[in-house]
Amino acid sequence: MPAAMAIRLVLPEKVPKALAIFNGGNAIATVIAAPLGCYLDSIVGWRGAFLAIIPTALITLIWQWLALPVMKTEATTPGPSNILNTLKNRIVALGMAGCGAFFMGQFALFTYLRPFLKTVTQTSVSTLSLLLLAVGLSGLIGTLIISSFLKRMLL
């Protein structure tokens with residue numbers, strides 16, 4: 001979704017930078033969310049941690065509603081079109097596979113790493129938060145570095 005929005009919101013030569021900003025925001029969110037969620041879980045439980053995010057989510061929704069321009073769709077002719085046909089394009093298929101692997105890996109890491117470190121290795125909450133912060137910072141640094149590769153490969 002962010003890639004499709006970036007392509008429609010910015011000039012073609014600015015797409016790599018827009019994608020890097022979108023993914024940088026995701027990496028920054030990971031840097032903040034995982035350690036903060038771990039800490040909040042230790043204080044108020046996982047349900048309380050999820051409830052704590054509601055005000056932030058509402059503020060973000062309102063900000064995006066006000067800040068982003070309306071993106072009107074172009075009229076298309078009705079007919080049988082299958083989105084899976086786009087996967088015949090090698091670049092699209094590789095890009096989708098890469099995105100899928102990235103998100104599956106990221107969610108698997110945070111889903112299983114925390115319980116493993118907490119129960120098997122008996123890692124304290126403060127150490128666990130620090131480890132998750134290090135993982136998030138590594139992702140942020142990787143996202144910043146990948147911007148230069150995207151610029152060379154997409155243009």
Problem - Over 12 non-hydrogen atoms of neighbours within 6.0 angstrom of CZ in Phe50 - result: no
Check: Counting only heavy atoms not in Ile53, do more than 12 sit closer than 6.0 Å to its CD1 atom?
Finding: no
Taken to the nearest 0.5 Å, the spacing of Ile21 CD1 from Lys14 NZ works out to 9.5 Å
| said: Using modelled atom types and a 3.5 Å cut-off, is there a donor and acceptor pairing between side-chain atoms of Thr127 and backbone atoms of Thr123? | reply: no
Between Val15 and Ala6 the two heavy atoms that sit nearest each other are CG2-O, 4.4 Å
Inset, instruction - Look at the side-chain heavy atoms of Ile, Leu, Val, Met, Phe, Trp and Tyr, link any pair under 4.5 Å apart, and say whether Leu19 and Val10 land in one connected group. - result: yes
>> Assigning hydrophobic clusters by single linkage (Ile, Leu, Val, Met, Phe, Trp, Tyr; side-chain heavy-atom cutoff under 4.5 Å), is Leu131 placed with Val120?
In response: yes
Cluster link Trp63 to Ile54, ILVMFWY, side chain under 4.5 Å: no
Is there a chain of hydrophobic side chains (I, L, V, M, F, W, Y, each step under 4.5 Å between heavy atoms) that links Ile7 to Leu9?
yes
* Are more than 12 heavy atoms from other residues, nucleotides or ligands located less than 6.0 Å from atom CD1 of Ile91? -> no
Closest non-hydrogen contact found for Ala49 with Asp41 is CB-N, 4.3 Å
Leu51-Ile59 co-clustered via ILVMFWY side chain contacts under 4.5 Å
no
